[in-house]
Every structure is written in C-alpha cells, then in structure tokens.
There are 2 protein chains.
Amino acid sequence: MINGVVMTERTMDLRKVGLKVTHPRLQILRLLEKTERKKHLTADEIYRLLNEQGDEIGLATVYRVLSQFEQACLVRKHMFDDGSGRPMQACYELHEGDNHDHMVCLETGDVIEFVDEEINRRQTEIAARHGYDIVESSLILYVRPKKD
Amino acid sequence: MINGVVMTERTMDLRKVGLKVTHPRLQILRLLEKTERKKHLTADEIYRLLNEQGDEIGLATVYRVLSQFEQACLVRKHMFDDGSGRPMQACYELHEGDNHDHMVCLETGDVIEFVDEEINRRQTEIAARHGYDIVESSLILYVRPKKD
DNA sequence: ATTTATGCAAATAGTTTGCACACGT
DNA sequence: ACGTGTGCAAACTATTTGCATAAAT
C-alpha cells in the first residue's frame, strides 16, 4: 500500500531525484534517517535490520537502491579500513550536505564526524593550484585513544 | 641464487623488518621502487609485471607479501574509488615516510601526490581535541580538470 | 498499459587460505 | 636441519547481474 500514502518528506526526496516511490527505497531512507549521526551502516546491516523489522527486502535490492541513492547524492558511501584484516565493506550515511569528514577509532570502531573549514579551504586551493576542481573528497583519520 | 647476493639496500630493508630475503619479496620491492612516484600499482598489476619480466611469482604470494610489507610499514595501501563502477582494488606504493596525500583525476585516472603541513597540523589538533592520537590518515581528493 | 523495480539465484572478482613442496638461514 | 615462504587450486566474501514477476505511474 504505497499508493495513496501521505506525502512525507522522504517521498519528496525520492520524487525530487526522479526515483519511483517504492517500499524498499522508502524503508532504506527511513532507516538511514533513524540511524543518522549514530552509526554508518553497511549494506548487509541495512538488509538485516529491515528484515528484522518485518520488511522483506532482498540484499540485491539494498545494494541497487544504495547505489542509486549515491548517484542521486542522497547518501554518501565510505570505505573505512579499520585495519582489522577482515574484508572491507562499504558503509553508507544520509548525505546532509555538510560534507563532514570522519575519524575512525581503531580500538572501538567508533566513527566521529568533524568539519574543519580551514582544511576544506586548503584542499580547494591545492586542487586549484594543480588545475583541478574537487568533485568529492575523502578524509579519514584512523586514531587511537590518547594515552597520558 | 639469492644466497650470497650482494647486500643491496632492498635486502637491508627486508632484514630490518625481520623478513627473510626471498626472490618474490625482493622483486616486489624493486618493482615498487622503480615505479615509485609514477604510479600506484594493484596486486594484479604487480603480478602481471613481474611475470612479464620473467619472475614466476604466484598472485597469492603477491598478496601475502604486500600484506606483510604493509604491516612492516614498507608500503602504503590505498583504496581509490574512481567512481567508475568497476570493483575497487587496493593499490600500493613504497612508504617513503613523507606521509603525502593523494588527488585522483576522475577523467584520466592520474594520481597526484601532495603534502600540506597546515592540513596535517589541523588533523593532529582535531584528533587531540577529541582525545585521540592519529595512527594513520587517508586524504583523497577526487578531482576533474578545471574548465575555464 | 507501460515502464521500472524487486527477489532470487547464479555469476563476478578481488582477496585469502590449506597444503605439499622448496627455499633461506 | 629447521622454520618459513611459495605456488597452486580451492574457498570466501562483498557486490553485481539475468530473468521472470510484481509494483508504480
């Protein structure tokens, strides 16, 4: 029963980028919204969480939808290499337009977001100096708790 | 005939980190040295290049050696997401201790290296502010040629 | 009604691993 | 001689894709 659904903010998001409003797309968007700023979810986690809450959505669909969302700039995809040796997995978060960067604690796996205008400024400047425009940037600090 | 070989800089590198001086390890190190600052090689490229020049080295060995080198800080591993859709591959470069960052041109695939002390300083400061020490950092600018 | 999306299962591709043998020290 | 490293083939895993059905406009 998606037809005739109330016009929520999320359905608008989908319409705006030219994607049909389907159950999987809505649910994935809602889940990311709920999880926003708390955690960065992998495709598999999204798949599992949705199915646990009763939405029967295939893993392939999760991947397809996330990929479409990424191209539509609705989500950002990250590859965090926690150095754990286990295979790397992409993780996703809602794209809020604030273009923040990330810090990954190698001991706890915690992800901390931050923004630094000076760093952003210098990045733009460096790119310009080489004759480029920045399309996207990825800054990840792998850290460990300070011992003092 | 590796035994009795002249004590080159590369054999020293291996000894220093406690790795036996074997043919595959030496050749991979030499190849990376030769390619230094020009390109960043994937495991598969290394495998192919070595075999083309007559060194019969298995792909599995290439992966194993690179992984050991990474842990020994002899090489740095990067995941460049060129946004091409094709599966992401790790690529490797000699670790020169200068801790430079990278710019990837989305149109040509070119990789440009750069160092910015101010960015590094701010990174350290941001980590400290959150109670962390930086173990490793990854800054990648995905760029396209300026159109003017 | 037409187009696009979904689910499933099978395919892909990078990377890892088990094991018997070869090599470095 | 001993312990490690290597090659091969098989295993693994994240992700993608083909195809028939189902859902959205």
Side-chain angles (χ1 to χ4, degrees), chain A residues 1-5 7 10-12 14-29 41-48 50-51 55-72 77-92, chain B residues 1-7 10-12 14-29 41-48 50-51 55-72 75 77-92:
Chain A
M1 256 132 289
I2 291 179
N3 234 338
V5 92
M7 187 64 108
R10 292 307 144 207
T11 66
M12 285 303 294
L14 289 173
R15 291 242 157 78
K16 245 182 279 185
V17 299
L19 289 172
K20 284 189 182 175
V21 180
T22 66
H23 184 70
R25 299 217 256 241
L26 268 180
Q27 289 307 87
I28 291 174
L29 219 40
L41 299 175
T42 65
D44 198 72
E45 284 168 339
I46 292 172
Y47 167 71
R48 197 166 333 208
L50 289 181
N51 281 280
D55 298 298
E56 307 215 333
I57 295 174
L59 181 55
T61 299
V62 174
Y63 275 108
R64 269 184 297 229
V65 168
L66 286 172
S67 166
Q68 296 157 341
F69 283 3
E70 192 196 358
Q71 283 180 297
K77 176 187 179 186
H78 302 287
M79 300 291 303
F80 295 145
D81 187 353
D82 58 357
S84 67
R86 62 180 149 255
M88 235 190 291
Q89 258 174 286
C91 65
Y92 302 83
Chain B
M1 251 132 290
I2 291 180
N3 234 338
V5 91
V6 196
M7 186 65 108
R10 294 306 145 205
T11 66
M12 284 303 293
L14 290 174
R15 290 242 159 78
K16 246 182 280 186
V17 299
L19 290 171
K20 283 189 183 175
V21 180
T22 66
H23 184 69
R25 300 215 256 240
L26 267 180
Q27 289 308 88
I28 291 175
L29 219 41
L41 300 175
T42 65
D44 197 72
E45 285 168 338
I46 293 172
Y47 168 70
R48 198 166 334 207
L50 289 181
N51 281 280
D55 298 299
E56 307 215 333
I57 295 173
L59 182 54
T61 300
V62 173
Y63 275 108
R64 269 185 296 229
V65 168
L66 286 172
S67 165
Q68 296 159 341
F69 283 3
E70 192 196 356
Q71 283 181 296
V75 308
K77 176 186 180 186
H78 301 288
M79 300 289 304
F80 295 144
D81 187 353
D82 58 358
S84 67
R86 63 180 149 256
M88 235 192 290
Q89 272 183 88
C91 65
Y92 301 83

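In this text, all values refer to a predicted model and were calculated from it rather than measured experimentally. To find a chain, count down the sequence lines: A is the first, B the second, and so on, and within it residues start at 1.
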Rounded to whole Å, please give me the gap between [atom1] in [X] and [atom2] in [N].
{"X": "B:Glu70", "N": "C:dT16", "atom1": "CD", "atom2": "C1'", "result": "14 Å"}
{"X": "A:Leu41", "N": "D:dT15", "atom1": "CG", "atom2": "P", "result": "13 Å"}
{"X": "A:Leu14", "N": "D:dA23", "atom1": "CG", "atom2": "P", "result": "18 Å"}

Nearest-0.5 Å distance, CG of residue A:Leu19 to CZ of residue A:Arg25: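 CZ of A:Arg25 is found 4.5 Å from CG of A:Leu19.
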Spacing of A:Arg10 atom CZ and A:Gln27 atom CD [to the nearest 0.5 Å]: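 Output value for this atom pair is 12.0 Å.
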Nearest heavy atoms of [X] and [Y], plus distance in Å:
{"X": "B:Lys77", "Y": "B:Ala90", "answer": "CE-CB, 3.6 Å"}
{"X": "B:Lys20", "Y": "B:Leu14", "answer": "O-CD1, 4.4 Å"}
{"X": "B:Pro24", "Y": "B:Ile57", "answer": "CA-CD1, 3.6 Å"}
{"X": "B:Ile28", "Y": "B:Phe69", "answer": "CG2-CE2, 4.1 Å"}
{"X": "A:Asn51", "Y": "A:Glu56", "answer": "OD1-CA, 3.4 Å"}
{"X": "B:Glu45", "Y": "B:Thr42", "answer": "OE1-N, 2.9 Å"}

Sugar-phosphate, base or nothing in reach of B:Arg15, heavy atoms under 4.0 Å: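 It contacts sugar-phosphate atoms only.
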Atom pairs under 3.5 Å: protein N/O with N/O of nucleotides 11-14 of chain D:
none

Footprint string (nucleotides 3-10 of chain C, 5' to 3'): B base within contact, S backbone only, - free, heavy atoms under 4.0 Å: BSSBBBB-
